[in-house]
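For reference, the structure discussed in these notes is given below.
Because only heavy atoms are used, hydrogens play no part in the values below, and waters and symmetry mates are left out as well, while side chains stay in. Every number for a ligand or one of its atoms is a count from 1 in the order of the listing.
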Amino acid sequence: MAFEDPLPKSLSPSRLQDFQSCPRKYQHASIERIPQPASYASAKGRFVHFIFEQLHQLPPAERTIDRTREFVAPAIDAVLSDDVRSDIGMDDAMLAKLLKETGSIITTYFEMEDPRTINHEGVELRLGVNIDGTPLFGILDRLDRDEDGQLVIVDYKTGALPNRDYDTSTFANAELYAALCEAKLGEQPKKIRLLYVAQGEAIERNVTEVIIKARAQAATNAWQRINRYYEDGEFPATPSRSSCRFCAYREICKADGVPVPA
Ligand code: SF4
């Protein structure tokens with residue numbers, strides 16, 4: 001069965017993650033564009049990202065905690081649309097919880113770094129490149145220039161810390177962003193900093209040419225498979241407890257006879 005909808009023009013790091021966890025998820029999200037309802041966690045992530053984006057677009061001297069708190073009210077208008085509120089069943093108690101947690105995250109963030117001292121190369125940096133015939137596009141939270149003059153990929157995380165034995169998937173998105181940066185800017189980022197802003201912990205990893213090449217190759221392999229499945233008219237479902245647990249398409253898959261784990 002041929003798809004009526006076109007193949008997306010490019011592959012983003014998050015859509016690649018969809019595809020790698022389950023090709024059928026990619027089909028529903030990126031080809032058929034079946035909306036994924038917001039969750040409290042995703043709404044909170046967008047809320048906090050909005051505030052930090054506004055903060056880091058200010059001139060350095062103005063990046064104070066008081067100015068940061070001024071962006072909370074605009075975030076309510078920008079992020080908490082009627083659709084989002086409906087998806088997550090937001091009532092006054094939930095809004096109060098979100099505002100309390102956001103206030104705590106802002107306080108914690110200012111204990112992690114002083115944004116007045118951060119030297120950016122980009123905030124919400126749009127990166128579109130073609131690597132070996134694979135069109136890639138993503139928006140990077142921050143690209144910093146550290147005190148040694150090296151580029152650093154910075155990504156805010158509002159969820160739980162990975163456990164101490166965190167695996168390569170923790171850094172997979174950011175490593176692909178490093179490949180995008182190198183292709184777009186002609187300079188290789190040297191480090192990744194994941195800022196777990198709820199817990200006040202930063203996890204760092206160095207970037208090497210080997211890692212960048214491996215991430216770019218994985219994206220190219222995935223893009224070739226995506227094109228093949230698209231031509232075939234079906235993306236295989238690969239159900240697993242971890243992939244299906246928070247998937248928005250559980251009911252669709254069950255109706256299609258996919259053995260989705262409980
Ligand atoms: S419910 Fe499971 S099998 Fe279905 S799309 Fe989601 S991850 Fe894939």
Inset, instruction - For Thr117 and Arg63, run side chain to side chain donor-acceptor pair (under 3.5 Å): C-alpha distance rounded to whole Å, both residues' side-chain angles, the deciding distance at 0.1 Å, then the answer. - result: CA-CA 9 Å; Thr117 65; Arg63 296 179 202 148; over 6 Å; no

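Ion pair Arg15/Asp18 flagged as a salt bridge, since at least one NZ, NE, NH1 or NH2 atom sits closer than 4.0 Å to an Asp/Glu carboxylate oxygen. Looking at Glu251 and Lys254, a side-chain N of the basic residue comes within less than 4.0 Å of a carboxylate O on the acidic one, giving a salt bridge.
Between His56 and Tyr156, the ring planes lie tilted relative to each other; the angle falls in the 30° to 60° range. A tilted orientation is assigned to the rings of Phe19 and Tyr229, their planes being inclined by 30° to 60°.
Inside a sphere of radius 2.8 Å centred on atom 6 (Fe) of ligand 1, the protein N/O/S atoms present are Cys247 SG.
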Would you give me the side-chain donor-acceptor pairs under 3.5 Å for residues 187-195, sequence neighbours excluded?
{"residue": "Glu187", "atom": "OE1", "partner": "Arg145", "partner atom": "NH2", "Å": "3.3"}
{"residue": "Glu187", "atom": "OE2", "partner": "Arg145", "partner atom": "NH1", "Å": "2.6"}
{"residue": "Arg193", "atom": "NE", "partner": "Glu204", "partner atom": "OE2", "Å": "2.9"}
{"residue": "Arg193", "atom": "NH1", "partner": "Glu113", "partner atom": "OE1", "Å": "3.1"}

